[in-house]
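First the structure, in the form of structure tokens, and then the observations on it.
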Amino acid sequence: MTSASIRRLAIAIVLGAGFVALLIFLFQPDPIPVETALVRKGMIRQSVSDQGIARASDAFVVSAPVSGRLERLTLKPGDRVAAGETVVARLRPAQAEFLDPRSRAQAEARVAAAEASALAAQSEVNRTKAELQRAQSNYDRVRRLADRGTASIDALESAETAAKVAEDQVSAAEASLKARIAELDAARAALIGPMTTTGEPIEILAPVSGFIRRVFQESERVVPAGTSLLEISDPHAIEAAIDFLSEDAVLIREGQPAEIYDWGGPSALGAVVRRVEPQGFTKVSALGVEEQRVTVVLQISQPRADWQGLGPGYRVWGRVILRQNEDALLVPLGSLIRDAGGWAVFHVVDGHIVLTRIEIGAVSGQAAEILTGLKEGDEVVQFPSDRVKPGVLVETQRSEGRP
Amino acid sequence: MRVLDIKLLRDLWRLKWQALAISVLIAVGVAVTVMAYSSQKALSTAREQYYRETRFADIFATLKRAPLSLTRRLAAINGVRAVDPRIIKSGLMEVRGQVRPAIAQIISLPERDEEALNRIVLMAGRLPDARQPHEAVALKTFLDATGLRLGDEVSTVIGGRRITLRIVGAALSPEYIYMPSPGSTLPDDKHQGIFWMTRAAVEEAADLDGAFNAVAIAITPGRNEAAIRAEVDATLAPYGAGVAIPRADQASHAFLEAEFKELKTSGAIFPPIFLIVAAGLVHLVMSRLVDVEREQIGLLKAFGYSDFEAAVPFLRLATLIGLGGAIMGGALGAWLSQGITTLYREFMRFPELTGDFHFAAFAISALLATGLTAAGALVAVRRATRLNPAVAMAPPRPTTYRAGILDGGYFDAMIDPLSRMILRTLFRFPVRSFMTCVGLAASLMVLLATQFVYDSFEVVLDHSYYRIQRWSDQVGLAEVRGPSAVKNLTQLPGVLAAEPIRSIPVIFRANGIEERGGLIGLNPGSELYRPRDEDGQALPLLSDGLILSEALASKLKVGIGDPLLVEVTEGERRELVLTVGRLSHDYSGTPAYLARPALNRLVSEGDVANGVLLLVASDARADFYHALASVPLVAGVVSRDDTVAAFRDIVTRSFSTTMVFYLGFAGAIAFGVSYNASRIAFSERVRDLATLEVLGFTHAETAFVLAGEIVVLALAAMPLGILGGHLLADAIVAAYGRDEMRLPSGISAWTHGVSLLAFAVAIGLSLIIVVRRVFDLDLVSVLKTRD
């Protein structure tokens with residue numbers, strides 16, 4: 001073969017090989033772009049949280065001891081009161097009721113009847129007095145006769161007895177008259193309508209020192225006994241009552257650390273679980289589902305100055321911290337996947353994906369604590385797409401997110 | 001002329017492979033044209049008929065609640081032809097055998113059918129009986145997809161109450177020809193159930209006795225639709241209505257329109273390209289073919305036939321080839337159109353969708369192709385008949401040989417004579433070489449541009465569903481609720497994380513342009529939904545900045561820092577002025593984002609949400625959905641995994657059919673061009689090649705001279721084709737861009753590899769066939785001079 005033909009062959013082979021190499025290069029699988037994060041050490045907290053309300057821990061409600069007319073309360077919410085000293089309310093006797101026409105007619109008729117009875121009693125008194133006079137004069141006469149020996153002893157005794165009886169009858173008639181007059185007064189009293197009466201007001205004193213929280217009855221009115229008038233409480237004694245789901249409440253114990261957040265202030269407040277109420281109750285959720293809830297009371301452990309603005313009735317969110325680990329291995333929540341009933345992650349090793357089984361401990365809203373399976377600095381895929389499978393080639397892009 | 005006819009047939013047989021190659025090119029062009037126009041016609045006819053028969057409305061409005069007596073006021077509006085008040089309520093429905101609950105929508109049937117708009121077409125069973133309270137007609141596609149049958153009972157939670165329905169009929173409706181499912185543009189038949197019940201039954205279920213909460217209005221044609229719509233808005237505003245939407249914005253219709261627009265664009269772009277490429281190549285090839293036959297023409301003239309008589313056989317040949325190709329193309333196009341219609345039938349629920357044949361398109365393209373073929377032949381024939389017969393029969397005079405660019409001493413030393421022959425031929429006929437190169441590049445271009453769509457899909461899926469939206473399920477609430485609602489959902493089985501989302505329907509206005517859309521309120525620092533800029537970096541949600549999608553910004557012609565008028569179309573209609581803060585880069589929809597607290601403040605509401613983004617453990621999904629189906633206030637749920645899987649399914653299925661098609665097309669072009677170029681070159685220079693062999697060169701070396709020409713042109717065509725493919729891909733992206741999906745224009749290495757391989761295979765095949773002829777060269781008969 002000539003050198004030219006050798007050269008031609010060489011060129012042909014080179015071109016052919018070049019083409020094949022190009023094809024091989026082009027057919028290389030493309031690395032899949034993935035977003036990754038590093039396994040880091042950090043703090044993780046496992047907690048349960050729910051919505052609740054701030055309320056006064058000890059509230060004293062002052063109520064009316066008797067029915068009466070309550071004078072207008074001059075104290076306003078926020079006023080300071082001292083135990084046993086400050087007069088918080090005054091009660092006056094109430095006024096009589098109106099009479100409807102029938103009652104009025106009946107009462108007036110009763111008055112007329114009583115007047116007639118009194119007159120009859122008076123006549124009776126007059127009669128008995130007259131009888132007494134006669135019996136007395138008779139007795140005098142018989143006594144004079146008995147002194148001269150003309151009247152018998154029997155006659156004398158009869159006359160004495162008659163005089164005595166007549167005296168008693170006068171007393172009885174007078175007493176009867178008094179009774180009738182009293183009845184007349186009573187019948188007249190039934191005709192009394194509402195008019196200003198005098199009477200001494202009674203004063204209600206504050207049972208405890210503190211501030212007035214709420215005033216239930218401000219204006220003057222007639223109140224039945226037992227009406228709540230106002231509420232006094234200590235402004236420093238504010239607690240948060242959070243309604244947890246009963247399944248969450250099972251995990252909560254007294255004394256566990258907690259925090260109050262989303263209350264409107266700049267940062268979350270430290271608190272402690274003071275009490276888990278024993279009785280659950282039914283509540284319909286915002287989405288219309290019936291749930292069993294338990295009220296858990298949290299006591300804010302930070303000084304009042306930090307949460308000045310929070311008052312009773314304000315909405316708060318409470319979080320009870322069940323478990324806290326300062327130095328846990330953390331992985332972002334978006335990298336967790338399920339594999340054969342357990343947890344796993346897609347671990348990037350030398351640019352390839354390895355499916356690594358892991359065991360997780362505490363889970364927060366952003367990260368999970370790794371107990372076994374990974375170590376610090378390992379790179380895991382966040383939010384893997386469906387093309388990420390064990391063994392594929394990947395091109396990583398570190399995300400700026402934090403677990 | 002009988003002799004010439006026989007000659008014609010013999011020639012045809014002799015040139016059978018070349019004729020076939022040319023016909024195939026023509027068939028390709030004609031087929032694409034016929035396919036595009038026929039599918040368009042089929043769809044368009046079906047739709048018009050459907051709308052007419054079912055009295056599809058022009059205006060749709062939804063409201064909270066209004067008394068039926070309001071219908072009279074609506075009917076009294078100038079220009080309104082018919083008013084159909086109805087009740088629409090939706091809720092979740094658990095279906096046996098399905099993990100995720102379906103979204104069930106219950107619609108009331110009008111009491112009197114004559115007044116009805118958007119009438120349903122009953123495909124099986126019967127309409128519900130007014131005396132039976134719980135009978136319903138279901139959407140046929142839902143029944144087919146879920147396997148439910150007539151007589152089955154299903155239950156759904158609507159407005160806090162559980163209602164049981166008995167299915168008595170299957171129907172289709174013009175309002176649901178195409179139903180994009182929430183969260184994606186693909187329909188999800190198994191999870192979208194529509195049920196029509198008697199008015200009394202729906203009134204009871206929705207607690208809307210004597211009232212309606214949705215209305216469809218038909219207007220007399222030719223009236224000002226916008227004005228009527230404004231009046232409807234004004235009439236319905238006190239009843240809690242949003243803004244009425246015209247037919248153009250109705251979900252199903254809008255999608256159909258977009259498909260039509262796409263088909264029209266396809267019809268406008270692809271057929272002309274194919275036709276022009278095919279016709280151009282055919283013209284070229286035909287003229288070269290006839291040039292080779294000029295000996296014969298000279299012979300005929302020598303025998304006494306006139307110019308015309310000698311020319312006619314070739315014209316007939318050309319016409320036959322052209323017609324043959326056109327008929328093949330017509331048949332292929334009809335078959336392809338049927339295929340597309342079947343594909344459409346799967347997605348678009350017409351009661352009847354029959355394939356159609358657009359005769360005009362066929363006729364015009366056939367005429368064009370045949371005409372160009374004949375013209376090509378004619379040009380060459382005239383060149384031949386102008387010659388004196390003796391001259392014509394002699395071997396063609398060698399072209400002028402001057403010292404060309406390559407004839408300097410330097411090159412002479414570098415390149416051996418055979419290679420020089422190749423290069424010289426290429427440079428002597430620059431136009432022809434260029435055209436062949438272009439033809440080869442065109443096939444490579446087609447290969448690249450048709451495959452890149454699948455690469456783009458991957459990028460779009462990855463970006464939309466795994467980078468921007470990272471949630472695994474999204475739950476929609478029937479009404480806005482506070483943060484405790486989000487908390488409630490966190491407590492469902494399998495939920496790892498939850499974030500609230502608030503979305504409000506709005507109309508954007510700027511520079512006199514109006515666009516309907518939604519404002520999405522996300523938590524700042526959200527992990528589950530992160531709008532990104534064009535570099536892929538997550539955009540922070542600041543309390544004052546509006547993040548606008550790039551596509552929306554360009555539609556409204558606004559940029560960063562520009563003010564934008566936003567009209568809230570629900571509740572109290574407010575007009576807000578917002579400033580564009582950042583632009584986000586995405587491939588589907590035209591979203592606008594705002595920090596949720598800021599959004600709630602703008603509409604004077606507290607910390608509320610009307611949707612929740614969730615991260616659900618993949619093996620707890622069944623339990624999650626089951627628990628979710630019993631939550632009264634949940635209006636719908638979207639699963640990311642199901643959406644992506646559906647997309648992938650569609651893509652894979654269409655990929656396999658269309659890929660065979662496009663590879664075939666492009667391969668045919670490459671094969672056709674290279675085979676014809678080399679075959680004709682062979683015929684033209686058969687004497688030269690035989691002479692080479694006489695001089696002592698081997699078969700291989702002679703073959704090298706012939707094949708080398710094509711190989712050099714192919715190598716030159718590769719970069720040209722790749723460049724052209726990228727440009728065509730960009731053009732396709734621009735032409736097919738629409739709201740629901742914009743494609744990025746990157747082409748993957750794999751696609752390049754496949755295209756180049758197909759290209760090489762097609763060319764290699766054609767060269768093998770031609771080179772065989774070189775090896776079978778009968779020197780003596782070729783070199784014989786005719787006396």
Side-chain angles (χ1 to χ4, degrees), chain A residues 2-5 7-9 11-12 15 19-20 22-30 32-35 48-51 243 245 247-248 262 284-289 291 315 317 332-334 336-343 363-366 368 382-388 397 399-401, chain B residues 160 415-419 458 461-462 465-467 470-472 477 481-491 496-498 525 527-528 530 536-538 607 615 617-620 630-634 641 644-645 648 698 700-701 704 708 711 715 748-757 760:
Chain A
T2 61
S3 67
S5 63
R7 209 176 22 217
R8 271 200 306 274
L9 196 60
I11 292 178
L15 275 178
F19 190 71
V20 170
L22 179 68
L23 283 183
I24 290 177
F25 167 73
L26 291 173
F27 281 123
Q28 289 289 358
D30 269 337
I32 302 171
V34 291
E35 211 170 290
V48 288
S49 61
D50 221 310
Q51 199 177 11
D243 291 338
L245 281 182
E247 298 93 57
D248 290 342
D262 269 359
V284 177
S285 78
L287 294 177
V289 181
E291 298 168 331
R315 192 191 83 169
W317 284 75
L333 213 56
L336 295 178
I337 53 173
R338 298 288 294 174
D339 175 57
W343 293 103
V363 177
S364 78
Q366 287 87 36
Q382 274 209 73
F383 298 104
S385 79
D386 60 340
R387 286 199 295 162
V388 174
Q397 184 191 9
S399 81
E400 69 284 347
Chain B
I415 309 175
D416 59 298
L418 288 179
S419 310
E458 275 303 327
L461 272 183
D462 188 55
Y465 294 106
Y466 291 103
R467 293 197 142 235
R470 315 209 280 188
W471 43 268
S472 71
L477 303 178
R481 281 288 181 267
S484 48
V486 180
K487 194 85 186 59
N488 285 161
L489 288 177
T490 323
Q491 286 146 355
L496 295 173
E527 280 286 319
L528 299 180
R530 306 184 107 180
Q537 296 301 319
D607 184 7
L615 207 56
S618 51
D619 57 358
S630 326
V631 177
L633 214 63
V634 169
D641 290 340
V644 169
R648 284 258 156 77
T698 61
E701 288 165 331
F704 172 76
V711 169
L715 285 174
S748 75
W750 180 277
T751 306
H752 282 100
V754 169
S755 310
L756 283 174
L757 189 62

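These values consider heavy atoms only, across backbone and side chains, with no hydrogens, waters or symmetry-generated copies. Throughout, protein chains are lettered first and strands after them, A, B, ... in sequence-line order, and every chain is numbered starting at 1.
For the options B:Pro483, B:Ala498, B:Gly708, heavy-atom pairs under 4.5 Å to chain A are most numerous at B:Pro483. Interface summary for chain A: among B:Val754, B:Asp619, B:Val644, the most heavy-atom pairs under 4.5 angstrom belong to B:Asp619. Contacts with chain B were tallied for A:Gly288, A:Gly334, A:Ser49; A:Ser49 has the most, counting heavy-atom pairs under 4.5 Å. Contact tally against chain A (heavy-atom pairs below 4.5 Å) for B:Ala620, B:Ser618, B:Ala700: the top residue is B:Ser618. In terms of non-hydrogen atom pairs under 4.5 Å with chain A, the most contact-rich of B:Asp607, B:Val631, B:Asp641 is B:Val631.
Contact of A:Leu15 with chain B is made through the side chain alone, with heavy-atom distances under 4.5 Å. Using a 4.5 Å cut-off between heavy atoms, A:Asp248 contacts chain B through its side chain alone, with no backbone atom that close. Looking at B:Leu477, the atoms closer than 4.5 Å to chain A (heavy atoms on both sides) all sit in the side chain, from C-beta outward. Neither the backbone nor the side chain of A:Ile11 comes within less than 4.5 Å of any heavy atom of chain B. Residue contact with chain B, scored on non-hydrogen atoms closer than 4.5 Å, involves the side chain of A:Leu245 exclusively. For A:Phe25, no part lies near chain B; criterion is any non-hydrogen pair under 4.5 Å. Both the backbone and the side chain of A:Asp386 come within less than 4.5 Å of a heavy atom in chain B. Proximity to chain B is limited to the backbone of A:Pro384, based on heavy atoms less than 4.5 angstrom apart. Of the atoms belonging to B:Asp462, it is side-chain heavy atoms, and not backbone ones, that fall under 4.5 Å from chain A.
A:Phe383 places a side-chain heavy atom less than 4.5 Å from the side chain of B:Glu527.
Between atom CG of residue B:Leu496 and atom CZ of residue A:Arg338 there is a gap of 8.5 Å, rounded to the nearest 0.5 Å. Atom CD in A:Gln397 sits 5.0 Å away from atom CZ in B:Arg467 (nearest 0.5 Å). The structure places OG of B:Ser484 at 4.5 Å from CD of A:Gln51, a figure rounded to the nearest 0.5 Å. The line from CD of B:Gln491 to CD of A:Glu247 is 7.5 Å long, rounded to the nearest 0.5 Å. To the nearest 0.5 Å, the span separating CG on A:Leu9 from CZ on B:Phe704 amounts to 10.0 Å. Atoms CG and CD, on B:Asn488 and A:Glu291 in that order, are 4.5 Å from each other to the nearest 0.5 Å.
B:Arg481 places a side-chain N or O within donor-acceptor distance of the main-chain N or O of A:Ala286, the cut-off being under 3.5 Å.
Heavy atoms only, all atoms of each residue included: A:Leu23 and B:Gly753 are closest at CD2-O, 3.5 Å. Of all heavy-atom pairs spanning A:Trp343 and B:Ala617, the tightest one is CH2-CB, 4.2 Å. Considering every non-hydrogen atom in both B:Ala497 and A:Gly365, the closest pair reads CB-O, 4.3 Å. Closest of all the heavy-atom pairs between B:Leu615 and A:Leu333 is CD2-O, 4.3 Å. In this structure, B:Pro632 and A:Val289 approach most closely via the heavy-atom pair CD-CG2, 3.8 Å.
Listed by chain and number, the residues in a ring-ring contact (aromatic ring centres under 6.0 Å, His included) with A:Phe27 are B:Trp750 (sequence neighbours excluded).
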